[in-house]
Amino acid sequence: MTTDTRQVATTTDEPSFDASRVEAFAETLFGFYTGGMLTYLVDIGHTTGLFDAAAAGPATSAVLADRAGLHERYVREWLGAMVTGGVFSYEPTTGTYRLPAEHAVCLTGDTSSNLAPFSLLNTHLAKHVGQITQAFRDGGGVPYQAFRPEFTGVMDALNRGGFDEQLVSSWLDLVPGLRDRLTAGVRVADVGCGTGHAMVLLGQAFPASTFAGYDIAEDAITAARREAAEHGVDNVTFEVRDAATLTVDEPFDVVFVFDAIHDQVAPAEMLRRIHDLLAADGVLLAFEPHASSNLEDNVAHPLAPFLYAISTLHCLTVSLAHDGEGLGTVWGEQLAREMLRDAGFSDVTVREVPDEPVNALYVAHR
Ligand SMILES: C[S@@+](CC[C@H](N)C(=O)[O-])C[C@H]1O[C@@H](n2cnc3c(N)ncnc32)[C@H](O)[C@@H]1O
């Protein structure tokens, strides 16, 4: 068990040295390192199918290796970490390993309850630590291009389940009247759409509306077009475009942005472009991390260390790589409201998103 050592100084006096806190903090640090190492093993369990194999029932390491088509010696070592890390239980008399059903919910399946894909993010970002360290010294950053194509697939793996379960059935109803407008037929865009799954789902659910997804990444747009074609969805289009210079012939009624403002090179330009692309009664729906712009307000935020770390290792650096604004993942509500106002949006509300621990929904009217 690690001790929560997070705090904000309330005075400028240097506190007296407390030796007992050294040990507590050392434990905290080893908690970080152990969690980091186990995260790589969760990635391996997810990627190799070991969690699925274990969810089929208790088994020895040989049986598990056989089920997953893997080498037993590796599987046995991995299981050592899984047992001592509290993921599996172990019955020594039979040499049997068991993945508890409650843990299997969090590590297997196609739903957003399966948190195993989040481990992919750690593994992926870790590959760039050396380059980012260099950027601390030299300035600049690591461009988006360096993270592709792997990043595109990681984002898809993280968000697909949530879109499937929540977007059409729940999140749309956070905005009164939106479902009726989509049913009647409106023009909709998704800026920074990644692999475009949200647009495909909305295209299927609302055949009278048209949907356009834009992303600067060619690999993401290729994947998006492929998915739309596979599902025979013909009211959805995808194009490679830069959000900062986006223009269209006809205005949009609704523009979605899912997690794609804070990592922009030119987010203020992007917001101005979106404002200008909206019809007079148009609305921007932006899902962005739910946090304050002030560090001191985020100290007790349970996800704040995760968000600031992702920012350092990805969202901030991809912007700074092009001499961008470098908002970072935790740009926060106060700055978001200010930037939306500066872009011309009049009426901005921020809604909590059900079953979405990371993002808030910004509803901004033109
Ligand atoms: C964090 S990802 C989110 C992707 C997707 N919306 C999702 O929720 O899975 C941010 C996306 O914004 C795209 N992006 C970054 N800068 C862009 C720009 N200037 N114009 C268009 N897309 C951009 C990236 O390529 C990436 O696909």
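In summary, Arg160 and Glu227 engage in a salt bridge, as defined by a charged side-chain N under 4.0 Å from a carboxylate O. Look at Arg366 and Asp281 and you find no salt bridge, because none of the NZ, NE, NH1 or NH2 atoms lies under 4.0 Å from a carboxylate O. At a threshold of 4.0 Å, the pair Glu77-Arg73 counts as salt-bridged, since one of the basic side-chain nitrogens sits closer than that to a carboxylate oxygen. A salt bridge is absent between Arg148 and Glu218; no separation between the charged side-chain nitrogens and carboxylate oxygens falls under 4.0 Å. Between Arg273 and Glu269 there is no salt bridge, since no side-chain N of the basic residue sits under 4.0 Å from a carboxylate O of the acidic one.
Aromatic ring centres of His124 and Phe147: separated by under 6.0 Å. Two rings, from Phe163 and Phe258, have their centers less than 6.0 Å apart. Aromatic ring centres of His322 and Tyr144: separated by at least 6.0 Å. Aromatic rings of His103 and Phe88 (six-membered ring for Trp) have centroids beyond the 6.0 Å cut-off, not under it.
Side chains of Glu239 and Ile221 form no contact here, defined as non-hydrogen atoms less than 4.5 Å apart. Val318 is not listed as a side-chain neighbour of Val142, based on a closest heavy-atom distance of 4.5 Å or more. Using a 4.5 Å heavy-atom cutoff, the side chains of Glu288 and Tyr362 are in contact. No side-chain heavy atom of Phe30 sits less than 4.5 Å from a side-chain heavy atom of Thr28.
Follow the hydrophobic side-chain contacts under 4.5 Å out from Val42 and you reach Trp78 in the same cluster.
The closest donor-acceptor contact from the side chain of Glu27 to the backbone of Glu23 lies at 3.5 Å or more, if one exists at all. Listed for the Arg337 side chain is a donor-acceptor partner under 3.5 Å among the backbone atoms of Val348. Looking at Thr84, its side chain does come within 3.5 Å of a backbone N or O of Gly80 through a donor-acceptor pair. Between the side chain of Asn114 and the backbone N or O of Ala116 there is at least one donor-acceptor pair closer than 3.5 Å. Side-chain atoms of Asp253 come within 3.5 Å of backbone atoms of Arg187 as a donor-acceptor pair (strictly under, hydrogens ignored). Of the possible polar contacts, none joining the Thr317 side chain to the Leu313 backbone as a donor-acceptor pair under 3.5 Å is found. In terms of modelled atom types and a separation under 3.5 Å, the side chain of His262 and the main chain of Gly328 share no donor-acceptor contact. Between the side chain of Asp215 and the main chain of Gly194, a donor-acceptor pair closer than 3.5 Å is present.
In summary, the side chains of Asn235 and Thr210 do not present any donor paired with an acceptor at a separation below 3.5 Å, with no hydrogens or angles considered. Between the side chains of His290 and Glu352, no donor-acceptor pair is found at a separation under 3.5 Å.
Counted within 6.0 Å of CG on Asp110, heavy atoms from surrounding residues, nucleotides or ligands total 12 or fewer; the atom is thus considered open.
Across every non-hydrogen atom of Ile216 and Val240, the tightest pair is O-CG1, 3.7 Å. Pro143 and Gly141 make their closest contact through CD-O, 3.8 Å (heavy atoms, listed as atom of the first residue, atom of the second, distance). Contact between Glu333 and Ser293 at its shortest, heavy atoms only, is N-OG, 3.7 Å. Taking every heavy atom of both residues into account, Val350 and Ala360 meet most closely at CG1-CB, 3.8 Å.
Every residue two or more places apart in sequence or in another chain was checked for a ring-ring contact (aromatic ring centres under 6.0 Å, His included) with Trp331, and none qualifies.
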(message) Does Gln204 form a side chain to side chain donor-acceptor pair (under 3.5 Å) with His231? I'd like the steps, not just the answer.
(response) CA-CA 9 Å; Gln204 288 170 317; His231 289 87; 4.6 Å; no
